[in-house]
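These notes are about the structure you will find just below.
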Amino acid sequence: MVVVRFGGDVTPNTEVGLSPEVLARASLILQYVVSKNVEWLEPLGCSVDEYGFKCDFKSLSGEWPDERLVRRLEELAVKADAEGVEIVFEGFSTNELLKLLDHTGVYRVNGVSLYLEPEVKPSGDPIGAVLIKNVSSHNPLPDLSLVRLVGVAFRSREELNAWIEWYNEAVKRDHRLLGQKLDLFSFHDEAGSGLVIYHPKGQVIREELIKLMREVNKRLGYEEVYTPHVYKSILWRISGHYTLYRDKMVLAEVEGEEYGIKPMNCPGHILIYKTRMRSYKDLPIKFAEFGTVYRWEKRGELYGLLRVRGFTQDDGHAFLTEEQVKEEIKAILSEIMYVLSIFGIKANDIRVYLSTRPEKYIGTEEMWGKATEALRNALEELGIPYSVKEGEGAFYGPKIDVHFKDSIGRWWQCSTIQVDFALPERFGLEYIDKDNSRKRPVVIHRAILGSIERFMAIMIEEFEGKLPTWLSPVQVVVIPITKEVQQYADEVYRVLDEEGVRVIKDYEDETLQKKVRKAYDQAIPYIVIVGRKEAENRTVSVRGRGNIQVSNVPLELFVNELKNEIRERAVTQKALEVLKAKVGTQ
RNA sequence: GCCGCCGUAGCUCAGCCGGGUAGAGCACCGGCCUUGUAAGCCGGGGGUCGCGGGUUCGAAUCCCGCCGGCGGCUCCA
């Protein structure tokens with residue numbers, strides 16, 4: 001039974017009201033003021049999405065807009081619209097470049113023909129504020145580099161200010177900042193970019209996530225294995241990675257033999273399958289591994305923990321008969337939904353995609369049809385809303401991806417279920433069927449968290465660093481009010497420690513205020529304060545997040561409720577709620 | 001990899017535009033205070049200004065290259 005707990009109210013609402021119509025109007029007016037004021041920039045149309053507009057221009061002189069010009073354009077756009085701009089829809093362009101950019105909608109703006117993606121209509125009301133966030137290049141073709149202005153626009157300056165406020169708040173949730181502040185992980189020039197160094201606290205989070213996934217693997221029947229990080233290149237030739245993926249692989253020649261660091265775990269698991277003759281009675285066979293893989297992403301593509309070069313997948317491979325595919329997908333999907341519910345991830349912050357057969361593919365249409373239907377039926381039978389990405393599947397099979405949102409609204413793929421017809425073929429995998437014939441099994445690749453790094457980053461941002469207690473590196477800090485009660489504080493510490501709670505004590509020669517402040521800054525879920533009163537009655541004062549305190553809590557009661565909260569992997573501070581109900585607030 | 005911006009103490013940043021021997025807050029160390037709930041007071045140590053080259057009498061500051069970071073693009077099998 002799957003319990004889906006969507007809609008958890010643990011995070012502030014990060015949605016901001018950007019109107020596509022307003023963005024569309026701003027896009028046209030921006031192009032208009034460029035056409036009137038910057039003779040070396042040729043407008044090539046704009047597109048609009050839920051986070052702003054993107055306008056492309058061709059630089060006729062090779063110059064690029066600088067900060068000053070950008071600020072001037074913002075002003076000119078608002079000024080022009082205030083003075084009156086007439087926008088008339090003219091039709092659709094058949095220009096090849098505009099078609100390539102999907103900017104085929106043509107509008108006459110004060111007599112100048114300008115372009116916009118056809119899916120959106122400009123607002124009739126004048127814009128009040130434009131902010132160009134960035135000037136970058138857009139390369140729709142390898143040898144074509146366009147100037148791209150990325151920005152937001154609003155009806156009024158007040159709306160812009162509200163957006164800026166939201167944006168500044170969102171930036172504070174950035175996992176890269178929190179990772180440093182909370183002492184979770186770091187990156188170093190000397191180590192190499194995209195290579196994470198986990199500190200003790202970050203490693204605790206990793207371990208908790210892995211522990212959770214071990215439980216999931218057990219339920220799904222995946223047996224954990226362990227495979228090397230480096231294999232001879234011949235293996236990568238067999239798997240096809242050597243030709244398809246070589247530019248992202250780390251290769252090294254040792255003693256006249258070339259080796260490659262693994263970018264994927266599947267070949268290792270396949271070798272296990274191949275160690276003996278398999279019968280239909282053995283299937284499904286499922287292997288899981290917390291496998292660390294290395295993919296040499298290009299430098300500009302790296303991004304905190306969300307895009308790294310070395311990362312650990314909660315990887316798993318199932319070897320199945322065609323008939324077993326649907327059931328397996330359903331089971332995995334259920335577990336994905338269960339795992340997401342543990343983190344209280346809101347439905348708005350998830351997108352599920354089904355990617356279908358691309359133009360270039362291997363296998364038969366029949367195989368693709370069956371596998372795609374299996375994925376689709378699994379989604380529908382579980383009632384999971386999804387969108388279809390036509391032709392976006394891998395060349396080797398269709399897939400389901402689950403994407404989550406980061407603090408500033410960018411989407412990242414985490415969970416994935418991929419059906420694979422290619423690897424069984426390339427490695428010549430077989431099983432003996434009932435009729436004694438040799439059959440080829442289907443392989444499903446699946447990862448539920450996806451990459452531990454990426455998932456951790458999303459969770460840090462989702463919770464603004466204030467992770468649920470079970471995930472928190474430090475769960476309790478014990479603070480004695482004076483030295484006199486240090487002995488009792490020691491006892492409280494020892495009891496918690498012996499019960500397996502991650503507890504620290506703060507005996508610094510500092511004021512109580514400062515220690516409480518420090519604990520809040522470190523996002524420690526429970527601050528336990530003990531003074532003479534507590535020592536006498538064998539109680540504790542418990543301070544939770546949100547400045548909530550419950551006093552006179554019997555020590556044993558606190559320990560038990562805390563242990564429950566951790567065991568249940570509660571999203572909220574459940575123990576605090578229970579204590580509040582039982583003991584009452586101060 | 002492409003375009004733009006950025007790199008000053010452990011952290012956050014000022015100084016750079018108009019070159020003249022490096023500063024603040026936090027953190028750290030020491031002392032005072034002996035604490036009842038989100039930064040107590042005083043003092044101290046700490047930086048070849050990312051690296052390399054150039055211009056200059058003189059470079060954190062100007063120029064070039066490299067490394068690293070950020071925002072986009074491309075990519076993410």
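All chains are named by letter (A, B, ...) in the order of the sequence lines, taking the proteins before the strands, and each is independently numbered beginning at 1.
A/Arg440 places a side-chain N or O within donor-acceptor distance of the main-chain N or O of A/Leu429, the cut-off being under 3.5 Å. Counting only distance, with no hydrogens or angles, the side chain of A/Asn537 and the backbone of A/Thr539 share no donor-acceptor pair below 3.5 Å.
Because its NZ or CZ atom is both nearer than 6.0 Å to the ring centre of A/Tyr242 and within 45° of the ring axis, A/Arg237 counts as a cation-pi partner of that residue. Cation-pi geometry between A/Lys389 and A/Tyr353 is met: under 6.0 angstrom from the ring centre, within 45 degrees of the axis.
Nucleotides B/U61 and B/G44 are separated by 30 Å at their C1' atoms, to the nearest Å. Using atom C1' as the reference point in both B/A24 and B/C49, the two lie 16 Å apart (nearest Å).
In this structure, A/Arg299 reaches the B/G69 phosphate: one of its side-chain N or O atoms is under 4.0 Å from OP1 or OP2.
Using a 4.0 Å heavy-atom criterion, one finds that A/Arg148 contacts the sugar-phosphate atoms exclusively.
When the nucleotides B/U37, B/U34, B/C76 are ranked by their closest atom to the side chain of A/Arg307, B/C76 comes out on top. Distance from the side chain of A/Arg176 is smallest to B/G71 among B/A38, B/C73, B/G71.
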Working note: A/Met367 + A/Val419, criterion side-chain contact (heavy atoms from CB on, under 4.5 Å); need CA distance, chi angles, decisive distance, verdict. CA-CA 10 Å; A/Met367 287 163 101; A/Val419 180; over 6 Å; no

Would A/Thr364 and A/Trp368 count as a side-chain contact (heavy atoms from CB on, under 4.5 Å) here? Give the steps. CA-CA 6 Å; A/Thr364 63; A/Trp368 275 85; over 6 Å; no

Please list, pair by pair, any protein nitrogen or oxygen found under 3.5 Å from a nitrogen or oxygen in nucleotides 26-31 of chain B.
unit_1: B/A27; atom_1: OP1; unit_2: A/Lys514; atom_2: NZ; d: 3.3

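By the 5.5 angstrom centroid cut-off and the 30-degree plane limit, A/Trp64 is classified as not stacked against the base of B/G4.
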